Protein chains: 2
Amino acid sequence: MDAENILAEHGLRNTEARHGVLDVFNKYDYALSHSDLEKELQKYFDRVTIYRTIHSFLDKGIIHKVIDDSESAKYALCADECSSDRHHDNHVHFKCAKCGNSECLNHVQIPSINVPKGYLVSESNLLIEGVCASCN
Amino acid sequence: MDAENILAEHGLRNTEARHGVLDVFNKYDYALSHSDLEKELQKYFDRVTIYRTIHSFLDKGIIHKVIDDSESAKYALCADECSSDRHHDNHVHFKCAKCGNSECLNHVQIPSINVPKGYLVSESNLLIEGVCASCN
DNA sequence: ATACTTTTGCAACTGAGTTTCATTTATGAG
DNA sequence: CTCATAAATGAAACTCAGTTGCAAAAGTAT
Ligand SMILES: [Mn+2]
Ligand SMILES: [Mn+2]
Ligand SMILES: [Zn+2]
Ligand SMILES: [Zn+2]
């Protein structure tokens with residue numbers, strides 16, 4: 001799906017900054033931080049605009065946060081039909097110790113876990129660290 | 001085990017700051033951030049000392065990092081015999097949406113996951129979000 | 001084309017974490 | 001116990017991620 005349609009379907013105005021950010025996400029197959037985006041886009045857009053774009057994409061279900069022990073937050077495109085109302089990003093994330101990239105293992109589901117009595121689960125987040133297929 | 005022994009066993013000098021930080025960790029049953037520690041200890045020690053204490057405890061295997069989608073890092077005491085050489089913190093972490101606390105579910109192991117061909121796993125980190133037993 | 005609303009740029013700000021260096025403290029040898 | 005040495009601490013300054021307020025610019029519907 002092209003950038004214009006993605007924006008329209010999630011109720012966002014079609015602006016150059018959003019288009020540009022989407023293009024960068026499509027260009028890489030691993031999760032990107034604000035500074036990754038800024039490296040490619042700072043000639044065109046202000047850093048605050050990039051932060052705000054990340055927020056609206058998160059909010060509308062265009063991207064999801066990839067939790068990672070690194071200092072700064074990373075984000076990746078949602079694979080399925082996520083929306084403001086509901087994210088279905090129930091897959092495992094993999095962080096490579098060699099290249100440092102974190103990627104979505106979209107086809108590896110997070111197993112359900114038995115928690116102790118009294119606890120209620122709403123969502124899970126699983127990060128696996130190791131060496132990725134490209135670096136191995 | 002008392003603070004002095006914990007420090008000695010991990011090859012750290014017995015100082016007031018380290019003793020104080022250990023006491024705060026023992027006082028709470030959930031993971032603490034630097035600012036949580038600072039709230040209790042700022043009258044006695046400099047904030048930089050608290051940062052450095054966290055680093056040496058991490059390094060020596062006295063505490064481990066609790067990964068969490070929150071802005072700042074959190075840490076918890078290691079339950080088993082962890083050391084510089086080896087951490088055995090293979091348990092699930094639980095973050096409560098109500099109270100905001102993250103705790104170690106020390107008795108809930110992270111299951112092993114089948115990753116795609118070509119990937120090598122070295123460690124896993126599982127965060128479950130929901131409502132904790134106290135808030136439920 | 002116009003009016004209205006959202007988005008953007010810019011500057012200033014906050015908060016987490018780090019670095020440097022001089023001073024103080026813990027520890028082990030004598 | 002005293003002293004020498006290495007390690008730990010405090011203080012100030014700094015870096016980097018992320019946020020806020022506000023005026024200007026751009027998108028959208030009529
Ligand atoms: Mn993902
Ligand atoms: Mn833990
Ligand atoms: Zn890799
Ligand atoms: Zn709770």
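For clarity, every value in this text was computed on a predicted model and none was experimentally measured. Residue numbers begin at 1 in each chain, while the letters A, B, ... track the order of the sequences.
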For residues 57-64 of chain A, run the donor-acceptor check on the side chains, cut-off 3.5 Å, and write out each pair with its distance to 0.1 Å, sequence neighbours left out.
| from | atom 1 | to | atom 2 | distance (Å) |
| --- | --- | --- | --- | --- |
| H64(A) | ND1 | A76(A) | O | 3.2 |
| H64(A) | NE2 | H91(A) | NE2 | 3.4 |
| H64(A) | NE2 | H93(A) | NE2 | 3.3 |

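- In this entry the distance linking NZ of K74(A) with C1' of dA17(D) reads 14 Å, nearest Å.
- Put simply, the side chain of L22(A) reaches to within 4.5 Å of the side chain of L77(A), judged on heavy atoms.
- Atom pair Y51(A):OH and dG21(D):P shows a separation of 18 Å (rounding to whole Å applied).
- The side chain of H55(A) places an N or O atom within less than 4.0 Å of a non-bridging phosphate oxygen (OP1 or OP2) of dT19(D).
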Side-chain atoms of residues 113-127 of chain B: list all donor-acceptor pairs with protein atoms under 3.5 Å, sequence neighbours left out, distances to 0.1 Å.
| from | atom 1 | to | atom 2 | distance (Å) |
| --- | --- | --- | --- | --- |
| Y119(B) | OH | E103(A) | OE1 | 2.9 |
| Y119(B) | OH | E103(A) | OE2 | 3.1 |
| S122(B) | OG | E129(A) | O | 3.2 |

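- In this structure, Q42(A) places its CD atom 17 Å from P of dT8(C), rounding to the nearest Å.
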Going 5' to 3' through nucleotides 7-12 of chain D and flagging B where a protein heavy-atom sits under 4.0 Å of the base, S where only the sugar-phosphate is that close, and - otherwise, we get SSBBBB
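- The closest donor-acceptor contact from the side chain of K65(B) to the backbone of D69(A) lies under 3.5 Å.
- In this structure, N14(B) and S35(B) both approach DNA chain C, and ranking their closest nucleotides by distance from the 5' end singles out S35(B).
- Between the R18(B) side chain and the T53(B) main chain, no donor and acceptor come within less than 3.5 Å of each other.
- Judged by distance alone, with hydrogens and angles left aside, the side-chain atoms of H34(A) form a donor-acceptor pair with the main-chain N or O of R47(A) at under 3.5 Å.
- As a whole-Å value, the separation of L37(A) CG from dA17(D) C1' is 14 Å.
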